[in-house]
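Before any comments, here is the structure.
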Amino acid sequence: MTKVASTVQTYAKTQLNTDDHHKKIGLLGGTFNPIHNGHLIIAEQVIDQLGLDEIRFMPDFMPPHVDKKLAIDAKDRVTMINGSIRDNPHFAIEMEEIARGGTSYSYDTLVALKRRNPNYEYYFIIGGDMVEYLPKWHKIDELAKLVTFVGVKRSGYKTTSKYPIIWVDVPFIDISSTLIRSKVRANHSIRYLVPTRVEKYIRENGLYAN
């Protein structure tokens, strides 16, 4: 592998591909516990800058992290994602990892997606802080042959990698799901940090209160 890093700043918009057999699909994976406006901003900027056909939000079932993350039931996370993306015709949800269960290895997911749609091009979106961990990902060399990695620039993190990465500039919005959960537990406002439907769902169902 050679070191490859390119920067995408002013990509011209491209005509959306109407050929269902050759779509360009962006995948934004995560626990989404809960989804927040930072996720939506990243997705919108990537689809706009790279001219993709669609961004799929892909909730994991069990992230393959050494430090296990506890998340609320997948049903609630999926409901909040669907409520957040329903107004954007270019956003969708990918249920492969939830449906498969077990540890959500990205390689296994992409093998399944490519088997389902072999002509689709997949663009796997990762935060700039995650790039240095790519060599530790499960079957990373095989995964790199199935996807194009899209790195979201983060101040203070390197933009070099042994794997090919397309870099995008996204306004830095310091929102995290951890912040949202903390504010809900402390009974503070999460208005403007999450979509209105997500805030309503969290309040009505008493999520993250304890």
Inset, instruction - Determine, step by step, whether V131 and K158 satisfy the side-chain contact (heavy atoms from CB on, under 4.5 Å) criterion, reporting the C-alpha distance in whole Å, the side-chain angles of both residues, the deciding distance to 0.1 Å, and the verdict. - result: CA-CA 8 Å; V131 169; K158 296 179 180 178; over 6 Å; no
Legend entry - Trace of the side-chain contact (heavy atoms from CB on, under 4.5 Å) decision for L134 with S161: CA-CA 8 Å; L134 278 177; S161 172; 4.3 Å; yes
Inset, instruction - Could you check R197 against R86 for side-chain contact (heavy atoms from CB on, under 4.5 Å), going step by step and ending with a plain yes or no? - result: CA-CA 10 Å; R197 292 189 183 96; R86 60 189 292 183; 3.2 Å; yes
Legend entry - side-chain contact (heavy atoms from CB on, under 4.5 Å) evaluation trace for I93 with M58: CA-CA 6 Å; I93 190 167; M58 188 167 66; over 6 Å; no
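The 12-atom threshold is not exceeded at CG of N187, counting heavy atoms of other residues, nucleotides or ligands nearer than 6.0 Å. Counting non-hydrogen atoms of other residues, nucleotides and ligands closer than 6.0 Å to CZ of R116 gives a total above 12.
For S189, the side-chain hydrogen bond (donor to acceptor under 3.5 Å, both in side chains) criterion is met by no residue, not counting sequence neighbours. Residues passing the side-chain hydrogen bond (donor to acceptor under 3.5 Å, both in side chains) test with E44 are N88, sequence neighbours excluded. With sequence neighbours left out, Y122 forms a side-chain hydrogen bond (donor to acceptor under 3.5 Å, both in side chains) with no residue at all. Residues that satisfy the ring pair (Phe, Tyr, Trp, His ring centres under 6.0 Å) test with F91, not counting sequence neighbours, are F57. Shown here are the ring pair (Phe, Tyr, Trp, His ring centres under 6.0 Å) partners of Y105, two or more places apart in sequence or in another chain: H138. Taking the side-chain hydrogen bond (donor to acceptor under 3.5 Å, both in side chains) definition, one finds that R56 meets it with E54, E94, sequence neighbours left out.
Note on F172: it does not cluster hydrophobically with I175, by side-chain heavy-atom contacts below 4.5 Å among ILVMFWY residues. Taken together through direct or relayed side-chain contacts under 4.5 Å among Ile, Leu, Val, Met, Phe, Trp and Tyr, V150 and Y157 form parts of separate hydrophobic clusters.
Checked by atom type and distance alone, the side chain of D53 never pairs as donor or acceptor with a backbone atom of I25 at under 3.5 Å. Judged by distance alone, the side chain of T103 and the main-chain N or O of P64 form no donor-acceptor pair under 3.5 Å. Under the 3.5 Å distance criterion, the side-chain polar atoms of E199 are left unmatched by any main-chain donor or acceptor of I190. No donor-acceptor pair under 3.5 Å is formed between the side chain of S104 and the backbone N or O of P63. At distances below 3.5 Å, at least one donor-acceptor pair connects side-chain atoms of T79 with backbone N or O atoms of K75.
To the nearest 0.5 Å, atom CD1 of residue I55 and atom CD of residue Q45 are 11.0 Å apart. Expressed to the nearest 0.5 Å, how far CD1 of I140 lies from NZ of K145 amounts to 11.5 Å. The structure places CG of L27 at 12.0 Å from OH of Y120, a figure rounded to the nearest 0.5 Å. With rounding to the nearest 0.5 angstrom, the CD1 atom of I47 is 8.5 Å from the CD1 atom of I125. Put simply, CG on N33 and CZ on R77 are 6.5 Å apart, with the number rounded to the nearest 0.5 Å. With values rounded to the nearest 0.5 angstrom, I42 atom CD1 is found 11.5 Å from I126 atom CD1.
Between I173 and N37 there is no side-chain heavy-atom pair separated by less than 4.5 Å. With a 4.5 Å cut-off on side-chain heavy atoms, V194 and I35 do not count as touching. You'll find the side chain of L40 reaches within 4.5 Å of the side chain of P195, heavy atoms only. Counting heavy atoms from C-beta on, the side chains of K23 and L52 never come closer than 4.5 Å. Counting only heavy atoms from C-beta outward, the side chains of S106 and W137 approach each other to under 4.5 Å.
In this structure, a donor-acceptor pair under 3.5 Å is present between the side chains of R100 and T109. Between the side chains of D76 and Y201, at least one donor-acceptor pair of N or O atoms lies under 3.5 Å. Side-chain N/O atoms of Y123 and E121 include a donor and acceptor closer than 3.5 Å.
What you find for E96 and A112 is that their closest heavy atoms are OE2-CB, 3.4 Å. Shown here for I165 and G151, the closest heavy-atom pair between the two residues is CG2-N, 3.5 Å. Residues R154 and G128 approach most closely at CG-N, 3.7 Å, considering heavy atoms. Closest heavy-atom contact between A144 and Y163: CB-CD2, 4.0 Å. Residues P34 and R181 come closest through the heavy atom pair CD-CG, 4.2 Å. The minimum heavy-atom distance linking P59 with I98 is given by the pair O-CG1, 3.6 Å.
Centroid-to-centroid, the aromatic rings of H39 and F32 come within less than 6.0 Å.
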